[in-house]
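Right, one structure below, let's go through it.
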Amino acid sequence: MQFELQHSDAYSAARTGKITTDHGVIETPIFMPVGTVATVKAVHMRELKEDIKAQIILGNTYHLYLRPGLDILEKAGGLHKFNGWDRPILTDSGGFQVFSLAGTRKLKEEGVTFRSHIDGSKHLFTPENVVDTQRIIGADIIMAFDECTPGTADYAYAKQSMERTHRWLERGLKHFDTTEPKYGYSQTFFPIVQGCVYPDLRRQSAEFVTAQNREGYAIGGLAVGEPAEKMYEMIEVVNEILPKDRPRYLMGVGTPANILEAISRGVDMFDCVMPTRNGRNGMLFTRNGIMNMRNKKWANDFSPIDAESDCFVDQQYTKAYLRHLFTANELLAMQIASIHNLAFYMWLVKEARQQIISGTFSSWKNQMVKCVTTRL
RNA sequence: GGGUAGUUACCAGAGUGGCCAAAUGGGACUGACUGUAACUCAGUUGUCUUUCGACUUCGGUGGUUCGAAUCCAUCACUACCCA
């Protein structure tokens, strides 16, 4: 994997770049649709490519390991062959599940033992075997196994959690560097910065991670219960330290406004379930604001879903029709909403890129943040 | 014509003397959702009020009772059965 830094904004830390992988090029800033269980929910690959114009998608180690399982993925020849997505894939390591499935898991120095949410069976994830699993999945970008510390954690917990994540990082890297990809194309490994909402921990973590000298870095443990302003502050602190010539990936973020604010602070890569999950639940993000399609006010609105979008669902269907599909609980509602939201997120980061290139990013961003947070 | 069962909020439906503005579903309305255990979850759903609370309801009318959705009488309507 290579990263080429292309433009740097004069008035903010925003920048554009180009990531080259064996499965193709990614232009940053980029949003990566989440495809946890080998599918971006409710969206076909063809729509992902042609309508949404996704450049890279995510998979999840925890979910894929449990189902379909490593034997199937290996027989398939990796996730790209299995789901038919021939562009880059990034896999989360399961670190977020360690956090979100707390209750069914036990943290130890060696790793995490947990019970499957599917059948209750017991499993162990370690920094090493999570690398092996991501080798088998065949992700272009492999994530370190970390603990996604809750935003409400106290300093003492955040510190010891961060330190364990660092020890896990060293083990994971050592294992990564002594193993080979399975399918003939290269894989890269991104460490993850933790440190909760504490600036000194964040600095310490960013320094630790930078010292590992990898091809890209992730910022984890944000948008997990802390105020947005705290998140922005942490991004600033961390990006002061992370090297400018490597991509920075802010994990799990976020709302359109979060993404714009993070781009202005120097983040290059994003992923979030929000466009798909909230879409399935009736929420549409547009450049003019947020619409809850279940609301009665759309019942008689026969205008296109998003007149300013060139995505086909936005021109093809009306608000009244989409509201009808949601109230009737029809599957097509979720498909349309997911495609629309993902296309909007892709438009947002692409437009941000154009604005950075043309030197107008900051003023555009300030205006756009107001627009995208409006309730329609 | 005779018999039986029934009539409760938007719908279905529980409640058979005070703890009932009335269970539970559905529907409707509103909100939440950030590295996906999520086509999920939460709230509201008689009227007025920000709250406390006040007021009017359980087919109609009249009665019994300190007190009625609940008991009695009667009328209306519905369903099924027999002719």
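Applying the 4.0 Å criterion to OP1 and OP2 of rC41(B), one finds that Arg294(A) has every side-chain N and O outside that range. Contact between the side-chain N/O atoms of Ser100(A) and the OP1/OP2 oxygens of rA37(B) is found at a separation under 4.0 Å. For the OP1/OP2 pair of rC29(B) and a distance below 4.0 Å, the side-chain nitrogens and oxygens of Arg323(A) include at least one atom meeting the criterion. Contact between the side-chain N/O atoms of Asn278(A) and the OP1/OP2 oxygens of rU40(B) is not found at any separation under 4.0 Å. Between Arg280(A) and the phosphate of rA38(B), there is no side-chain N or O to OP1/OP2 separation shorter than 4.0 Å. Close to rG35(B), at under 4.0 Å from its OP1 or OP2, lies no side-chain N or O of Gln97(A).
Here Glu163(A) pairs with Lys159(A) in a salt bridge; the nearest charged N to carboxylate O distance falls below 4.0 Å. With respect to Arg353(A) and Glu27(A), a salt bridge is recorded, a charged nitrogen being found less than 4.0 Å from a carboxylate O. Salt bridge annotation for Lys365(A)-Asp9(A): absent, with no cationic side-chain nitrogen under 4.0 angstrom from a carboxylate oxygen. Taking 4.0 Å as the cut-off between side-chain N and carboxylate O, Glu261(A) and Arg265(A) count as a salt-bridged pair. A salt bridge links Glu233(A) with Lys230(A): the distance from a Lys NZ or Arg NE/NH1/NH2 to an Asp or Glu carboxylate oxygen falls below 4.0 Å. Electrostatic pairing of Arg164(A) and Glu147(A) counts as a salt bridge here, judged by a charged N lying under 4.0 Å from a carboxylate O.
Remark: rA12(B) base-pairs with rU24(B); criterion is Watson-Crick or G-U wobble with both hydrogen-bond distances under 3.5 Å. Nucleotide rG67(B) has no partner under the Watson-Crick or G-U criteria, as no pair reaches both atom distances under 3.5 Å. Under the Watson-Crick or G-U wobble criterion, with both distances below 3.5 Å, rG6(B) is paired with rC77(B). Across the strands present, rG1(B) finds its partner in rC82(B); the criterion is a Watson-Crick or G-U wobble pair with both atom distances under 3.5 angstrom. Both distances falling under 3.5 Å, in either a Watson-Crick or a G-U wobble arrangement, place rU47(B) opposite rA54(B). Pairing for rU36(B) is absent, judged as Watson-Crick or G-U wobble with the two contacts each under 3.5 Å.
For the pair Leu222(A) CG and rU34(B) C1', the computed distance is 11 Å after rounding to whole Å. Summarising the geometry, the separation between NE2 on His63(A) and P on rA38(B) is reported as 7 Å, rounded to the nearest angstrom. What separates CG of Asn281(A) from P of rC41(B) is a distance of 10 Å, to the nearest Å. Counting to the nearest Å, the P atom of rG27(B) and the CZ atom of Phe326(A) are 16 Å from each other. When the C1' atom of rU34(B) is taken as reference, atom OH of Tyr232(A) falls 11 Å away, rounded to whole Å. Between the NE2 atom of His117(A) and the P atom of rU40(B) there is a distance of 16 Å, rounded to whole Å. Rounded to an integer number of Å, the gap from Phe270(A) CZ to rU36(B) P is 16 Å. Nucleotide rA37(B) holds its P atom 17 Å from the OH atom of Tyr65(A), rounded to whole Å.
Nucleic acid contact for Asn258(A): base, since at least one base atom lies under 4.0 Å from a heavy atom of the residue. Among the heavy atoms of the strands lying under 4.0 Å from Gly221(A) is at least one base atom, whether or not backbone atoms are also near. Nucleic acid contact for Ile192(A): base, since at least one base atom lies under 4.0 Å from a heavy atom of the residue. Among the heavy atoms of the strands lying under 4.0 Å from Leu331(A) is at least one base atom, whether or not backbone atoms are also near. If you check every strand for non-hydrogen atoms under 4.0 Å, Gln194(A) touches a base. As judged by a 4.0 angstrom heavy-atom cut-off over every strand, Arg115(A) is placed among residues making no nucleic acid contact.
Residue Asp146(A) places a side-chain atom within donor-acceptor reach of the base of rG35(B), judged by atom type and a 3.5 Å distance cut-off alone. Contact annotation: side chain of Thr276(A) to base of rU36(B), donor-acceptor pair present below 3.5 Å.
Using C1' as the reference atom, rC82(B) and rA28(B) are 44 Å apart when rounded to the nearest Å. Comparing the C1' positions of rA38(B) and rG27(B) gives a spacing of 23 Å, expressed to the nearest Å. A gap of 16 Å separates the C1' atoms of rU61(B) and rU7(B), to the nearest Å. For the C1' atom pair drawn from rU44(B) and rG60(B), the interatomic distance equals 32 Å after rounding to whole Å. Rounded to whole Å, the separation between the P atoms of rA23(B) and rG46(B) comes to 9 Å. Look at the C1' atom in both rU56(B) and rA9(B): the space between them is 13 Å, to the nearest Å. Taking the C1' atom of each, rA5(B) and rU16(B) are spaced 16 Å apart, rounded to whole Å. As rounded to the nearest Å, rG63(B) and rC77(B) have C1' atoms that lie 22 Å from one another.
For Ile118(A) and Ala328(A), each mapped to the nucleotide of RNA chain B holding its nearest heavy atom, the one lying further toward the 5' end belongs to Ala328(A).
Comparing rC39(B), rU34(B), rG35(B) by their nearest atom to the side chain of Met334(A) picks out rC39(B). For Asp92(A), taking side-chain heavy atoms from C-beta onward, the closest of the listed nucleotides rG35(B), rA37(B), rC39(B) is rG35(B). Relative to the side chain of Leu101(A), the nucleotides rC39(B), rA37(B), rG31(B) differ in distance, and rA37(B) lies closest. Of the candidates rC39(B), rC29(B), rG31(B), rC29(B) carries the atom nearest the Lys296(A) side chain, counting heavy atoms from C-beta on. Distance from the side chain of Asn329(A) is smallest to rC39(B) among rG35(B), rC29(B), rC39(B). Minimum atom distance to the side chain of Asp271(A) is reached by rG35(B), of the listed rG35(B), rU30(B), rC29(B). When distances are taken from the side chain of Met251(A) to each of rG35(B), rA32(B), rA37(B), the shortest belongs to rG35(B). Listed candidates were rG31(B), rU36(B), rC33(B). Nearest to the side chain of Met283(A) is rC33(B).
With hydrogens and angles disregarded, no donor-acceptor distance shorter than 3.5 Å links the side chain of Arg105(A) to the backbone of Phe114(A).
At least one cation-pi condition fails for Arg214(A) and Phe190(A): the charged atom is not both under 6.0 angstrom from the six-membered ring centre and inside a 45 degree cone around its axis.
For Tyr183(A) and His80(A), the distance between ring centers is not under 6.0 angstrom.
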